[in-house]
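None of these values were measured; they are calculated from a predicted model.
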Amino acid sequence: MTSLEYCDLASNHLSGSLSRDTGNMTSLRRIGLEENNLIGEIPKEIGLLTNFERLSMCCNKINGSVPRELGNLTAMIGIYLHNNALSGPIPKELGRLVNLWELQLNYNFLVNGSIPKEMGNMTSLSYLLLSSNELSGEIPNEIFLLNNLLDLNIGSNRLSGSLPREIGNTTIQNMWIYENNLSGPIPSTSVNESRLINFALHSHNLNGKIPASICNLRSLKILYLSNNSLEGAVPDCLGNMSTSLLILYLNANKLSGLIQSTFTKGCSLPINLNGNRLNGTLPQTLVNCHRLWDLDIGDNEIRGKFPDTRGLVSRDNCERSQRRYWFVRGKIPVEQPTIVQLRILIM
């Protein structure tokens, strides 16, 4: 079928492997084989299809390596090989695909190397998903110089080193860099020009302070910094963002000082500060969070009086238990509370 341009066989019950004769289909532009039961390797002969634009073989049982011959297909705009059993390194030859706008290799077993710095040449790339593999090495700063990149997910790998300073000087809106072995501080000048909406840096070995410049992220909706070794105070400016933020998770760090007192009227975000070294009292501005539904401040050193919330909780003093937890004494009043949508309260 040398004249065939488009072939869509997705979501069937196809089995077996992809034939090497696919390389003879010289007019082929797009092939969709996702959600089948295919096995075997991706034939390197696919690199002969110079008009090829879109390869979709996700959600199968394909093994072997990612063919370096894919780097010959400079007309390629989309590669979807996620949810398979691919192994080996990511070939640096993929850096030749200057027209590629989406690369999904997540949920495989890619090992034997790091993310190639040659990916910095993929100037049209908008979506780069490499999560849930076994990639190692440092994150190349060239990735953060891609002017069209919108979505980056490299979570659940074995990446090490520090965060590149270029992390915030991009157009990335969704940045998922979680569950790796990164260390060092969050660069204090790396978020000044960022357009981030979702920012996940949890489950690393990051240390130092949370930079106050993080509050320059005016579009930020979700912030995960939990399970690190971050120290110092929680920036007050995060309270000013409490009406725009949807999730704020800073638990399991070494944060100290007072809980920020700048919660603004109408805030509703779930707040998790559990497992830090915070002290002082709960700020009175929490009464502004009328739609608050999840507040976890356990395993800290909070004491003193509760804020006046018209009977949400008792205003008796807190005392410390022998298990390093502070707990409420007294009865919970029956008066109508102002925080009417509270579902979870962990003290």
Side chains of residues 96-106: which donor-acceptor pairs under 3.5 Å do they make with residues two or more places apart or in other chains?
| unit_1 | atom_1 | unit_2 | atom_2 | d |
| --- | --- | --- | --- | --- |
| R96 | NH1 | N72 | OD1 | 3.1 |
| N99 | ND2 | T74 | O | 2.9 |
| W101 | NE1 | I77 | O | 3.1 |
| E102 | OE1 | Y80 | OH | 3.1 |
| E102 | OE2 | Q104 | NE2 | 2.5 |
| Q104 | OE1 | H82 | ND1 | 3.0 |
| Q104 | OE1 | H82 | NE2 | 3.3 |

Any side-chain heavy-atom pair of L145 and E166 under 4.5 Å:
yes
Side chains of N108 and N133: do they bring a donor and an acceptor to under 3.5 Å?
no
List the steps and the verdict of side chain to side chain contact (heavy atoms under 4.5 Å, CB included) for L196 and I172.
CA-CA 6 Å; L196 281 172; I172 300 176; 4.2 Å; yes
According to salt bridge (Lys or Arg N to Asp or Glu O under 4.0 Å), who are the partners of E138, at least two apart in sequence or on a separate chain?
none
In chain order, what residues pass the side-chain contact (heavy atoms from CB on, under 4.5 Å) check against I143, with sequence neighbours excluded?
I115, L128, P140, L149, L152
Is the side chain of N174 donor-acceptor paired with the backbone N or O of D151 at a distance under 3.5 Å, no angle test?
no
Taking every heavy atom of G40 against every heavy atom of S17, the minimum-distance pair comes out as CA-CB, 4.2 Å
Is there a side-chain contact between I167 and N141 in this structure, where contact means two heavy atoms from C-beta onward sitting under 4.5 Å apart?
no
Main chain of S261, side chain of T285: is a donor-acceptor contact present, judged purely on distance under 3.5 Å?
yes
How close do G137 and S114 get, counting heavy atoms only, and between which atoms?
CA-CB, 4.0 Å
L250-M241 co-clustered via ILVMFWY side chain contacts under 4.5 Å:
yes
Looking at I177, is its backbone amide N or carbonyl O close enough to the side chain of H204 to form a donor-acceptor pair, meaning the two atoms are under 3.5 Å apart?
yes
Residue pairs passing the disulfide bond (SG atoms under 2.5 Å apart) test with at least one member in residues 220-250, sequence neighbours excluded, are C215-C237
Can you tell me if N181 uses its side chain to pair, donor with acceptor, with the backbone of N205 under 3.5 Å?
no
I'd like to check E231 versus L255 (side-chain heavy atoms, cut-off strictly below 4.5 Å). Are they in contact?
no
Under a 4.5 Å cut-off applied to non-hydrogen side-chain atoms, are I302 and T281 in contact?
no
Side chain to side chain donor-acceptor pair (under 3.5 Å): pairs with one or both residues in residues 35-52, sequence neighbours excluded:
S11-E35
Run the numbers on L110 and I90 for side chain to side chain contact (heavy atoms under 4.5 Å, CB included), then give the verdict.
CA-CA 7 Å; L110 299 174; I90 299 175; 4.0 Å; yes
Is there side-chain contact between N279 and L258, with heavy atoms separated by less than 4.5 Å?
yes
Can you tell me which residue pairs pass the ring-ring contact (aromatic ring centres under 6.0 Å, His included) test with a partner in residues 160-184, sequence neighbours excluded?
Y178-H202
N12 side chain to A10 backbone, donor-acceptor under 3.5 Å:
yes
Going hydrophobic residue to hydrophobic residue with side-chain gaps under 4.5 angstrom, can you get from I31 over to L4?
yes
What pairs of residues pass the salt bridge (charged side-chain N to carboxylate O under 4.0 Å, His left out) test when at least one of them lies in residues 6-23, not counting sequence neighbours?
none
Pairwise side-chain contact, L273 with D296, heavy-atom cut-off 4.5 Å (strictly under)
no
With sequence neighbours excluded, residues passing disulfide bond (SG atoms under 2.5 Å apart) with C7
none
Look only at the side chain of N251 and the backbone of S226, and say whether a donor-acceptor pair between them is shorter than 3.5 Å.
no
What pairs meet the side chain to side chain donor-acceptor pair (under 3.5 Å) rule with one or both residues in residues 118-132, with sequence neighbours excluded?
none
How would you list, by chain and number, every residue that makes a side-chain contact (heavy atoms from CB on, under 4.5 Å) with N83, sequence neighbours excluded?
C59, Y107
Which atom names give the shortest non-hydrogen contact between N60 and E34, and what distance separates them?
ND2-CA, 3.9 Å
Does L230 reach the side chain of N207, with side-chain heavy atoms less than 4.5 Å apart?
no
Start with the C-alpha distance between L223 and I247, add both sets of side-chain angles, then the distance that settles side chain to side chain contact (heavy atoms under 4.5 Å, CB included), and finish with yes or no.
CA-CA 6 Å; L223 178 61; I247 295 177; over 6 Å; no
Between N180 (side chain only) and L159 (backbone N and O only), is there a donor and an acceptor less than 3.5 Å apart?
yes
Flag yes if L33 and L70 sit in one hydrophobic cluster, no otherwise; membership is Ile, Leu, Val, Met, Phe, Trp, Tyr, and two members link when side-chain heavy atoms are under 4.5 Å apart.
yes
Just by modelled atom types, is the N253 backbone N or O under 3.5 Å from a matching donor or acceptor in the N228 side chain?
no
Output, in order, the C-alpha distance, side-chain angles, deciding distance and verdict of side chain to side chain contact (heavy atoms under 4.5 Å, CB included) for I271 and I259.
CA-CA 11 Å; I271 305 168; I259 297 176; over 6 Å; no
Determine whether L81 and L86 make a side-chain contact, defined as any pair of heavy atoms from C-beta on separated by less than 4.5 Å.
yes
Tell me, please, which residues at least two apart from A85 pass side-chain contact (heavy atoms from CB on, under 4.5 Å).
N63, F109
Ion pair present between E5 and R29, side-chain N to carboxylate O less than 4.0 angstrom?
yes
Taking N153 for its side chain and L129 for its backbone only, find out whether a donor-acceptor pair lies under 3.5 Å.
no
Same hydrophobic cluster for L49 and Y6, using side-chain heavy-atom links shorter than 4.5 Å among ILVMFWY?
no
Would you please test E142 and K117 for salt bridge (Lys or Arg N to Asp or Glu O under 4.0 Å) and show each step?
CA-CA 6 Å; E142 286 84 358; K117 65 179 181 179; 5.6 Å; no
In this structure, would L248 and Y224 fall into the same cluster of hydrophobic residues linked by side-chain contacts under 4.5 Å?
no
Determine which pairs satisfy salt bridge (charged side-chain N to carboxylate O under 4.0 Å, His left out) with at least one residue from residues 54-77, sequence neighbours left out, and list them in order.
R68-E93
Just by distance, do the side chain of N272 and the backbone of N274 share a donor-acceptor pair under 3.5 Å?
yes
